[in-house]
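See structure below.
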Amino acid sequence: MVKIERVKGTRDLLPEQMAKRRYVFERIREVFELYGFNEILTPTFEYTRLFQLRSGEEVVNQLYAFRDKGGREVSLRPDLTSSVARLFVNQFQNAPKPVKWYYMANMFRYEEPQSGRLREFWQAGVELIGSANVEADAEVIALMVESYLATGLREFTVNIGDRLLLDEFAKMLGVDDDIGLMRLIDKKDKMSREDFIASLRDFGLNDGAVGKVLSLIELKGKPDEVLPKAYELFTSEVAKKELKKIEELFELLKAYGAYNYALIDFGIARGFDYYTSIVFEAIAPNDLGIGSIGGGGRYDNLVEVFGGKPTPATGFAIGIERLIPILESKGLLPEVALRPDVFVVYIGRDLEIRLKATEITQVLRKSGIKAEYDLQGRKLRKALDHANRLEVPVVVIIGRKDLAEGKVTVRDMKTGEQRAVEVEKVVGEVRRML
RNA sequence: GCCGGGGUGGUGUAGCCUGGUUAGCACAGGGGACUGUGGAUCCCCUAGCCCGGGUUCAAAUCCCGGCCCCGGCCCCA
């Protein structure tokens with residue numbers, strides 16, 4: 001026999017898991033819409049060129065890329081930001097600003113699966129296009145905070161950094177390979193201080209520069225303690241302006257009520273090289289080996305890269321497969337009952353009785369009661385056994401004797417109490433018992 | 001792409017080191033004992049050694065390769 005397994009890095013989602021996921025998606029969706037974001041969906045695959053344009057040739061290694069029968073080079077989407085930017089350029093450049101979109105969709109990245117990382121995974125995200133104001137950054141960061149809160153999560157922080165400041169920092173140190181430096185800085189938490197210093201030296205920094213990097217990564221915490229030091233470290237006008245922006249951002253977050261969850265961490269670079277200014281990532285403490293549970297930032301030149309008018313934009317995405325296990329481990333996901341409310345059982349195989357069972361099941365369903373009847377044709381004893389296993393609270397028993405008097409039997413499976421009721425009163429009786 | 005640990009019915013496992021009955025057990029599933037009353041008991045049935053190759057008289061067991069899972073690295077758009 002041929003056994004076909006799942007493709008590496010993919011998951012089957014079973015009813016219990018789907019119910020929980022749907023719960024999480026719904027909570028997030030409510031908040032997204034409350035903030036005035038509207039749902040969109042773009043194709044699952046795009047021209048590979050779209051993703052190359054944004055991030056260069058190297059990225060193709062992590063794409064699910066293939067050639068279709070028409071010879072087109074296409075790729076499954078690794079995220080939705082590129083597609084959104086394409087859509088915006090194609091059709092929405094003249095739409096009233098800002099454009100506020102959200103999505104909940106699956107993404108594909110060809111990487112080695114490990115904790116919190118699959119090859120197909122889902123993200124719930126938003127993009128806010130057309131505003132360069134810090135209010136837009138604050139709006140999406142506050143929305144991200146509210147989204148996590150809506151799922152019941154309380155222990156998390158949104159750590160905020162700034163790519164522009166990192167660029168300024170690299171310039172200040174006279175480093176040409178600013179991306180390389182950022183990658184190094186991004187890894188600071190993964191190694192010891194000594195190893196970090198050693199790798200900075202390997203990178204070619206002198207003692208003074210290493211010291212500056214060390215003071216940069218010290219810039220973590222609440223703005224009132226971090227910003228004064230930051231103003232000392234950064235000297236350029238551009239940097240000072242950006243710091244002023246961060247200062248305002250946190251004032252705005254106070255007004256949004258999201259301040260308590262926000263921290264500065266100027267060591268955050270985030271991988272995506274299209275980010276241009278404020279970037280952020282959400283972290284929730286856990287012992288599951290899961291790092292960030294979401295991230296985002298400002299990408300002011302992506303639209304232009306895709307051939308549009310220069311248009312500022314910002315957004316974020318929440319990693320569902322990272323969020324859910326954390327919620328689960330904290331007991332924040334509701335138990336969902338997949339069982340029916342009523343199980344209808346009939347006695348004997350007479351067509352007349354079977355038809356009656358079907359009709360009564362439909363009547364129950366029409367009145368909004370989750371009802372099933374025994375499609376397997378079990379004998380009464382087995383049927384009750386089955387209902388018990390399903391943990392169905394109420395069973396309706398339909399048999400010739402009762403029916404002769406126009407009645408059926410309604411049984412409470414917990415107490416074992418039961419009574420014969422008129423067929424027309426079944427719905428009322430069942431509802432009373434639920 | 002690299003490194004480490006794994007893979008036995010649907011699920012959880014025993015057996016593997018030290019090759020040798022019909023691969024055992026539990027749960028789940030189907031049927032029956034029991035013809036209008038469940039949660040119990042008993043009986044029967046269904047169903048498995050990830051795939052391929054090698055060694056051997058003989059492979060779930062030893063060896064090689066692949067696939068997949070768990071974790072880490074790289075990378076993380």
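Keep in mind that the numbers below use all heavy atoms, side chains included, and drop hydrogens, waters and symmetry copies. So that the names make sense, note that chain A is the first sequence line, chain B the second, and so on, each numbered from 1.
The ring-ring contact (aromatic ring centres under 6.0 Å, His included) search around A/Y102 returns A/F32, not counting sequence neighbours. Among residues two or more places apart in sequence or in another chain, the salt bridge (charged side-chain N to carboxylate O under 4.0 Å, His left out) test is passed with A/E73 by A/R67. By the ring-ring contact (aromatic ring centres under 6.0 Å, His included) test, A/F169 is found to be paired with no residue, residues two or more places apart in sequence or in another chain being considered. Applying the ring-ring contact (aromatic ring centres under 6.0 Å, His included) rule to A/Y261 yields the partners A/F156; only residues at least two apart in sequence or on another chain are considered. Legend: residues meeting side-chain contact (heavy atoms from CB on, under 4.5 Å) with A/Q114, ordered by chain and number and at least two apart, are A/R117. Evaluation of the side-chain contact (heavy atoms from CB on, under 4.5 Å) rule for A/S367 yields A/I369, A/V427, A/R431 as partners, not counting sequence neighbours. Taking the ring-ring contact (aromatic ring centres under 6.0 Å, His included) definition, one finds that A/F88 meets it with nothing, sequence neighbours left out.
Between A/L76 and A/T44, the closest side-chain pair of non-hydrogen atoms falls below 4.5 Å.
Across the P atoms, B/C50 and B/G12 are found 14 Å apart, a figure rounded to whole Å. Only the C1' atoms considered, B/G71 is 48 Å distant from B/G32, to the nearest whole Å. B/U46 and B/C25 have their P atoms separated by 14 Å, given to the nearest Å. Annotation: B/G66 and B/G72 have their C1' atoms spaced 22 Å apart (nearest Å). Annotation: B/A58 and B/A47 have their C1' atoms spaced 26 Å apart (nearest Å). Nucleotides B/G53 and B/C67, compared at atom C1', are 14 Å apart to the nearest Å. Rounded to a whole angstrom, the distance from the P atom of B/C68 to that of B/A28 is 34 Å. One P atom belongs to B/U61, the other to B/G15, and the distance between them is 15 Å to the nearest Å.
As the counterpart of B/G29, B/C45 is assigned, both hydrogen-bonding distances of the Watson-Crick or G-U wobble pattern falling under 3.5 Å. In this structure, B/G36 forms no base pair with any nucleotide, since neither Watson-Crick nor G-U wobble geometry is met with both distances under 3.5 Å. Under the Watson-Crick or G-U wobble criterion, with both distances below 3.5 Å, B/G4 is paired with B/C70. Under the Watson-Crick or G-U wobble criterion, with both distances below 3.5 Å, B/A59 has no partner in any strand shown.
As judged by a 4.0 angstrom heavy-atom cut-off over every strand, A/R378 is placed among residues touching the sugar-phosphate backbone only.
Remark: A/R72 fails to qualify as a cation-pi partner of A/Y47 under the 6.0 Å distance and 45° angle criteria applied to the six-membered ring.
Here the P atom of nucleotide B/C75 and the CG atom of A/D186 are 11 Å apart, to the nearest Å. The interatomic distance linking A/L390 (CG) with B/A28 (C1') rounds to 13 Å, in whole Å. Protein atom CD1 of A/I290 is 14 Å distant from nucleotide atom C1' of B/C70, rounded to whole Å. Spacing between atom CD of A/Q376 and atom C1' of B/G31 amounts to 12 Å, rounded to whole angstrom units. One can place CZ of A/R109 at 15 Å from C1' of B/C74, the figure rounded to the nearest angstrom. Here the P atom of nucleotide B/C76 and the CG atom of A/L63 are 13 Å apart, to the nearest Å.
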Collect all protein-nucleotide pairs involving nucleotides 44-46 of chain B in which both atoms are nitrogen or oxygen and the distance is under 3.5 Å.
none

Between the protein and nucleotides 65-69 of chain B, list every N/O to N/O distance that falls short of 3.5 Å.
unit_1, atom_1, unit_2, atom_2, d
B/C69, OP1, A/G9, N, 2.7

Show the distances under 3.5 angstrom between N or O atoms of the protein and N or O atoms of nucleotides 35-40 of chain B.
unit_1, atom_1, unit_2, atom_2, d
B/G36, O6, A/R400, N, 3.2
B/G36, O6, A/K401, N, 2.2
B/G36, O6, A/D402, N, 3.2
B/G36, N2, A/D402, OD2, 3.0
B/U37, O2, A/R411, NH1, 2.9
B/U37, O2, A/Q418, OE1, 3.0
B/U37, N3, A/Q418, OE1, 3.1
B/U37, N3, A/Q418, NE2, 2.9
B/U37, O4, A/Q418, NE2, 3.1
B/G38, OP1, A/R381, NH1, 2.9
B/G38, O2', A/D385, OD1, 3.2
B/G38, N7, A/R411, NH2, 2.5
B/G38, O6, A/R411, NH2, 3.2
B/G38, O6, A/M413, O, 3.3
B/G38, N1, A/M413, O, 2.6
B/G38, N2, A/N388, OD1, 2.1
B/G38, N2, A/M413, O, 3.4
B/G39, O4', A/N388, ND2, 3.2
B/G39, N3, A/N388, OD1, 3.4

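Looking at A/K100 and A/E127, no side-chain N of the basic residue comes within less than 4.0 Å of a carboxylate O on the acidic one, giving no salt bridge.
In the interface, the side chain of A/R117 is paired with the base of B/C75 through a donor and an acceptor atom under 3.5 Å apart.
Listed in residue order, the members of residues 421-434 of chain A having a heavy atom less than 4.0 Å from RNA chain B come to none.
Ring geometry for A/Y373 against A/Y346 counts as tilted: the plane angle lies between 30° and 60°, on a 0 to 90° scale. Classified by interplanar angle (parallel below 30°, tilted 30° to 60°, perpendicular above 60°), the ring pair A/Y299/A/Y274 is perpendicular.
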Let me check something: any side-chain donor-acceptor pairs from residues 172-181 of chain A under 3.5 Å, sequence neighbours excluded? List them with distances.
unit_1, atom_1, unit_2, atom_2, d
A/D177, OD1, A/G180, N, 2.8

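Using modelled atom types, no side-chain atom of A/N133 and backbone atom of A/E135 make a donor-acceptor pair closer than 3.5 Å.
Donor-acceptor pairing under 3.5 Å is recorded for the side chains of A/N106 and A/E120.
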